[in-house]
Amino acid sequence: MKERENEFLKSLFKKYYFDYIDKIPVPDALYEREFGYQKFDGVGAMIRHIQIADAGEFKAFLMGNAPSDVYCSNGYYSFPALPLKEKDWQGADLIFDIDAKDLELPCRKKHVLGVCEPCCRSMTGNPDGTTTAAVCDGCGGSESKMRKKSLPCKPCMQAAKKQVRGLVDILCRDLGVSPGEIKTYFSGNEGFHLHVAHDAFRVLGRQERSDLADYIMLKGLVPETMGMSKIRPDKNGFADLHEGGWRGRFAKAAFGSKTKRASIISGLVKSPDAGYVEFQKMMDDAAARIGIQIDPGVSMDVHRIFRMPFTLNSKSGMQKAPCPDVDAFDPYTAAVVLDSDSVAHVVADCPVRFGLGGRRFGPYKAETVELPAYAAAYMICKGFARMA
Ligand SMILES: [Zn+2]
Ligand SMILES: [Zn+2]
């Protein structure tokens with residue numbers, strides 16, 4: 001199954017690691033980290049608990065294994081190659097994952113497709129990316145073989161970038177992180193990873209990281225935090241627009257202006273019981289609008305192995321690319337690093353036109369096309385194409 005596609009991708013990925021090896025930074029504290037990887041023909045199996053001694057071994061690891069995906073632990077261990085219980089955990093960087101799919105923008109119904117795994121037929125359909133077809137109209141296969149795949153989308157990326165900016169703001173202003181301690185990467189698919197190497201976070205356990213995630217997402221707040229109480233609420237205790245941290249951000253989002261703030265608060269304190277309930281609702285609304293949409297499971301995890309920066313993502317054939325300037329960063333050019341000189345012939349099926357590497361592609365209706373290798377790889381990774 002998919003043998004020729006795997007061979008094609010493997011040779012392109014191999015060429016990338018060969019050509020770019022000197023530009024891929026060696027992770028710091030190399031010897032204390034756990035590495036892992038997957039292979040194209042390894043049916044998704046993860047090979048992990050690998051320890052790497054030095055820069056030479058690191059290069060050999062990337063070039064020799066022809067990996068489809070490469071991972072590195074956020075954790076530091078005395079014995080990274082041993083089973084989890086014996087590794088002797090020493091700490092972990094804090095990592096945040098912001099994914100456009102979690103933002104559930106209305107545009108997704110236009111660029112998330114249902115793709116039939118066996119025959120590569122792709123279909124637009126329901127907002128969640130499933131198709132309305134009970135069977136594939138290409139091969140007659142069942143709906144269970146349909147996979148959701150997303151194409152590049154500017155509004156989704158803009159929305160994800162806004163979350164990144166919000167997260168950086170909270171980390172720096174509220175939590176004492178300096179901008180130099182944050183490294184931002186495009187995930188290689190539809191989101192961003194922020195790696196935070198801040199000494200005070202390094203030894204935090206799972207529960208503390210979970211609390212930190214709640215803070216960032218503005219979750220689990222009680223009205224008292226923002227000044228409302230059931231018994232004799234004090235007008236002066238309410239969050240104000242000029243305050244720092246979440247109280248200030250909440251006041252701006254919930255009240256809007258000084259005048260509105262005064263009149264809303266007067267209404268709330270007049271009947272505290274009803275006001276308390278109403279205020280809780282105002283806080284929930286504000287949290288949904290201004291809380292940062294991170295994946296809390298990722299931030300909590302102190303033992304995860306993460307996609308390694310500068311490596312390739314086999315879901316797209318794009319790079320987990322550094323974003324020194326998030327606003328200016330265009331993932332669909334900057335993270336396209338596979339061969340653009342050679343071409344490949346594929347049978348492509350994609351009802352939506354999309355941009356990649358500065359060119360436009362599609363729509364294709366089950367047709368044989370000649371594409372630059374990077375675009376062929378992208379479509380094969382997504383499942384919209386197979387080798388001709
Ligand atoms: Zn099919
Ligand atoms: Zn979108």
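Numbering of ligands and ligand atoms starts at 1, following listing order. Just so you know, these numbers use all the heavy atoms, side chains as well, and skip hydrogens, waters and symmetry mates.
Salt-bridge formation is detected for the pair R108/E190: a Lys NZ or Arg NE/NH1/NH2 atom is positioned less than 4.0 Å from an Asp or Glu carboxylate oxygen. Using a cutoff of 4.0 Å between basic side-chain nitrogens and carboxylate oxygens, K59 and D54 are not scored as salt-bridged. D330 and K154 are not joined by a salt bridge, as no carboxylate oxygen comes within less than 4.0 angstrom of a charged side-chain nitrogen. In summary, R165 and D327 engage in a salt bridge, as defined by a charged side-chain N under 4.0 Å from a carboxylate O.
Take the Zn ion (ligand 1) as the corner point: the lines to SG of C119 and to SG of C116 open at 110°, to the nearest 10 degrees.
Both tests pass for K23 against the ring of Y20: distance under 6.0 Å to the centre and angle within 45° of the axis.
Taking the six-membered ring where the residue is Trp, F361 and F354 present tilted rings, their angle falling between 30° and 60°.
Of all protein N/O/S atoms, those lying under 2.8 Å from the Zn ion (ligand 2) come to 4.
Residues Y378 and V336 form no side-chain contact, since every pair of their non-hydrogen atoms from C-beta on lies 4.5 Å or further apart.
Backbone or side-chain N, O or S atoms of C136 reach the Zn ion (ligand 1) at under 2.8 Å.
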